[in-house]
Asker: 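Sharing a structure, written as structure tokens. Questions coming.
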Amino acid sequence: MAATPADASSSSSEAVVGGEKSNKMITLISSDGESFEATEEAAKMSVTIKHMIEDGCADDGIPLPNVPAKILSMVIEYCNKHAADADDTNKHVADPADADEDDDNNNNNASAGEKEDLKSFDASLVAVDQATLFDIILAANFLSIKGLLDLACQKVADDIKDKSVEEVREIFKIENDFTKEEEEAVRKENAWAFNE
Amino acid sequence: LVNTSALSNCKALPPWHQEGNVGRRGAAAMAGAEEDEVAPPAPHPVDPQQPMGQGPAAKRSRSEHHHGAGDAPSFRMEDLPVDVQAVIMSLLPLKEAVRTSIVSTSWRMLWTFRCNLSFKGPRYLHENDTKIQQAKCIETVNCVIQQHSRIGINKFSIRCGLFEEDSVHLDRWIRFAASSKAKIIHLDLRFKDVFEEVNHLHLEALLDAQGSSFLRSLFLGGVVIKPHSAICGFTILRRLVLQSVTISGDFTGFLANCAALEDLEMIECSGLTNLIIPQQLDKLQHLLIDGMEVEMVEFYAADLSHFEYKGQVVPIVHHGCSKLKKATIMFSGKKGLAKAFTAVPSILPVKILNVRSVALSKYSQLQKLPTRPDGMFMHLRHMTCRIIVHSRPQEANYDIEVLQLAYCLDAAPQLETLQLNMFYVSSSGVSSAEVVGMRRHDHLKAVFMSGFRCYKAQIKLACCILGNASVLEKLTIEPRITGTRYLGDNTDLHKILPGVCEWAQLTSERFAMDASSAQQGEGSLQHHH
């Protein structure tokens, strides 16, 4: 289910009473006033939102003043994709036998393809410019979505890894504000890391 | 002009407490230092000894520039919440994280909040550049711990052989670990090719000034410890692993104070005559004893779920009611299998059993096992068995241990799956053709045998199972040697394969089953419904 900006005026919560999983839609409102809809299941991937739902504050839509629309739609996309996966994982029954040898677990063949799918989805989600990545991190942190936060932080780490100092400065658009003496001092303090 | 010693004593910058705080990491922030255990840091941008060229004024105007929409620098690492910064730093290798200190002044201290610190040095004494590598490792550790903020450390790990004269460094590292409230400490100071431990480690030094500890998990390797019952600060320790540790003093008394312990592993430790696990450890779930030269093992551990023992056959006394679900028994010496099934009564209730046996002596005889209910494994569902076989040329019955398994199956009437990994290190003897029988087995469904190369004893065992397991669905034979640390010889597989497949075909016809061979030579006989 893709996130669609809904009319702020139309409220579309359909509570399914008595079902196992509620198909209730939650309305999330970005900082710039746009409304987005997500299933309750997807929305609950955010611990912050989960608590608000459980505390009954979600009925008129949840305002998220820290999260702009562009970012919110990406966050919801992530949650939709991963909520489905989390569900499948829970359904997989663990093999009671000791599995310290590498025996073929045929149960995993079906989800191996799905895992690849998720991986490439994740990769493309964070293949964005630095400003957007920064905002994703802030949003994921504020909303307490561990998977997304880890994903975005890993992307930042990957952008730093194996790059020279100059390259890092360029990627993150940072000015070198060290004096020559300061830089010397830092290099000396951690000589072991710079000697190569 | 810069006072380097002042800078290197700078313990920490105050962490941001507000999320999304887009303030400035400048002098103002530092004045708000709240950590009382940290000395007020020398505020480096306004250090009067610094040249004023790139002074605070310049810095402040640049950070104001950050807030302008549109042309602002796009990734303001310094504006991220500090715990997110720590996460990012922890995702980089330590060396790279430290190198980010040179990117800009705002990045300088980021790495010092990294939550995991791991160091590796040489593990073997008798290698060419051991001394040099080791000195490097020590220097690195000292350098890093001097600069680190001591805040938020999750794991502190050093794997490096240490000499006796390096004890001053060890003391320093222990002090750091204790004061940083690390949750996980891993100190493996063994030289793997040296057998005497020389590094004395004082357990009390791991406690902080108040005598308590934040440690959840502790691994010690290659040290000498003197525990005693007055050390009572490890109240939240959940996991304790000791490898190649020399223990003197009152180990049992010390353990009694670690009441939160869930996992205790002791590998090749010396100094103990008896290993007694006191009853205070009522949360213990996993106990592993490997290669200990003790005369007796005694434990209470009412909640124990997984027990592992590798070593000589010794009395293993387990008091109290057993919630044991899983056991691993690897007795050294003769008749390992039979002993595993008879010598440790407390493992009878398990659901899962791993055993290993080394078939050494031709004087082994088959041993029938008790078949009264209180001597059998009435709850055992899954068993993994490794048999390593040695032989001398012309030696008869050298692999009789393989046949012993048939009698073991009699003692496990509820068994559903059996995985048997056989490794014939040498096969120059005469494979056993002993007569072996088995009672009818009404639960065994799936059997897997690796290292199956149509030795007489293997064929006998397989046919015995096929003939007596009334609900057997699948018997899989795999000529390759799997499931063992030893590097088996799988090179002549192509010669063996046709014979194995042929045997599988014939046998399946004989027992009215379907035979199928997978690509890599694994064959399986499946019951045709």
Side-chain angles (χ1 to χ4, degrees), chain A residues 66 95-104 129-135 137-142 149-150 152-169 171-196, chain B residues 1-2 4 7-8 19-20 44 50-51 53-54 58-59 62 72-77 79-81 83-84 87-108 136 139-140 143-144 146-147 326 351-354 381-382 384 416-417 419 421 448 482-483:
Chain A
N66 295 12
D95 189 5
D98 186 18
D100 66 307
E101 317 299 344
D102 50 338
D103 30 28
D104 269 14
D129 61 86
Q130 293 297 326
T132 310
L133 190 58
F134 183 85
D135 288 335
I137 291 181
L138 286 184
N141 188 48
F142 169 69
L149 184 58
D150 288 344
C153 286
Q154 183 65 59
K155 176 70 168 57
V156 176
D158 291 342
D159 285 344
I160 299 175
K161 220 185 276 202
D162 295 330
K163 307 270 186 341
S164 72
V165 178
E166 286 307 323
E167 286 172 307
V168 172
R169 288 188 188 130
I171 293 172
F172 295 94
K173 307 217 177 35
I174 301 167
E175 222 182 282
N176 177 11
D177 55 350
F178 279 118
T179 63
K180 262 224 136 52
E181 289 83 352
E182 285 173 317
E183 191 168 323
E184 269 301 305
V186 176
R187 280 184 190 273
K188 205 165 154 207
E189 264 167 17
N190 297 300
W192 69 275
F194 291 106
N195 288 346
E196 227 140 78
Chain B
L1 279 170
V2 176
T4 33
L7 285 168
S8 58
E19 284 179 15
H44 64 265
Q50 274 191 14
Q54 296 254 346
K59 290 192 178 80
R62 189 181 34 100
S74 47
F75 195 102
R76 311 178 294 279
M77 179 76 90
D79 290 337
L80 286 176
D83 43 349
V84 177
V87 169
I88 294 175
M89 285 294 131
S90 299
L91 291 170
L92 293 167
L94 181 60
K95 201 179 210 170
E96 293 219 38
V98 173
R99 281 163 109 127
T100 64
S101 58
I102 209 103
V103 168
S104 76
T105 54
S106 52
W107 280 50
R108 180 175 180 174
K136 248 188 174 181
E139 190 198 318
T140 305
C143 192
V144 169
Q146 194 186 31
Q147 314 241 10
K326 186 167 158 189
K351 265 183 83 173
I352 299 170
L353 180 65
N354 291 334
R381 299 264 184 286
H382 310 282
T384 305
E416 289 170 11
T417 70
Q419 183 172 320
N421 300 326
F448 172 85
T482 64

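Residue numbers begin at 1 in each chain, while the letters A, B, ... track the order of the sequences. Scope of the values below: all heavy atoms of this structure, side chains included, with no hydrogens, waters or symmetry mates.
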Asker: Can you tell me how far the CZ atom of A/F134 sits from the CZ atom of B/R76, to the nearest 0.5 Å?
Answerer: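 Result: 4.0 Å between the selected atoms.
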
Asker: Nearest 0.5 Å please: distance from the CD atom of A/E175 over to the OG1 atom of B/T105.
Answerer: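 Between A/E175 CD and B/T105 OG1, I get 10.0 Å after rounding to 0.5 Å.
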
Asker: Taking everything shown except A/E167 itself, do over 12 heavy atoms lie less than 6.0 Å from its CD?
Answerer: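 Yes, enclosed.
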
Asker: Would you give the length of the straight line joining atom CD of A/E183 to atom CZ of B/R108, rounded to the nearest 0.5 angstrom?
Answerer: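 Separation between the atoms: 10.5 Å.
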
Asker: Pick one of side chain, backbone, both or neither for A/K155, based on which atoms fall under 4.5 Å of a heavy atom in chain B.
Answerer: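 Neither part.
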
Asker: For chain A, which of B/M77, B/E96, B/M89 has the most heavy-atom pairs under 4.5 Å?
Answerer: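 Ranked by contacts with chain A, first place is B/E96.
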
Asker: Which atoms of B/V87 are under 4.5 Å from chain A, going by heavy atoms: the side chain, the backbone, both sets, or neither?
Answerer: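 Contact with chain A: side chain only.
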
Asker: Please flag which part of B/S90 lies under 4.5 Å from any non-hydrogen atom of chain A: side chain, backbone, both or neither.
Answerer: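 For B/S90, neither part sits under 4.5 Å from chain A.
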
Asker: Could you check B/Q146, B/K95, B/Q147 and say which one makes a side chain to side chain donor-acceptor pair (under 3.5 Å) with A/N190?
Answerer: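 The single option meeting the side chain to side chain donor-acceptor pair (under 3.5 Å) with A/N190 is B/Q147.
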
Asker: Does a side-chain heavy-atom distance below 4.5 Å link B/I102 with A/F194?
Answerer: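 With C-beta onward as the side chain, the pair touches.
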
Asker: Using modelled atom types and a 3.5 Å cut-off, is there a donor and acceptor pairing between side-chain atoms of B/R99 and backbone atoms of A/A193?
Answerer: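 Present.
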
Asker: Report the distance from atom CG of A/D158 to atom CG of B/L91, rounding to the nearest 0.5 Å.
Answerer: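 One finds 8.0 Å between CG of A/D158 and CG of B/L91.
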
Asker: In Å and rounded to the nearest 0.5 Å, what is the CD1 to CG distance from A/I137 to B/D79?
Answerer: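 These two atoms lie 12.0 Å from each other.
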
Asker: What distance do B/L92 atom CG and A/Q154 atom CD have between them, rounded to the nearest 0.5 Å?
Answerer: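 These two atoms lie 8.5 Å from each other.
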
Asker: List the steps, then state whether side-chain contact (heavy atoms from CB on, under 4.5 Å) holds for B/W107 with A/V168.
Answerer: CA-CA 11 Å; B/W107 280 50; A/V168 172; 4.1 Å; yes

Asker: So which part of A/D162 gets closer than 4.5 Å to some heavy atom of chain B, the side chain, the backbone, both or neither?
Answerer: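 A/D162 touches chain B through backbone and side-chain heavy atoms alike.
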
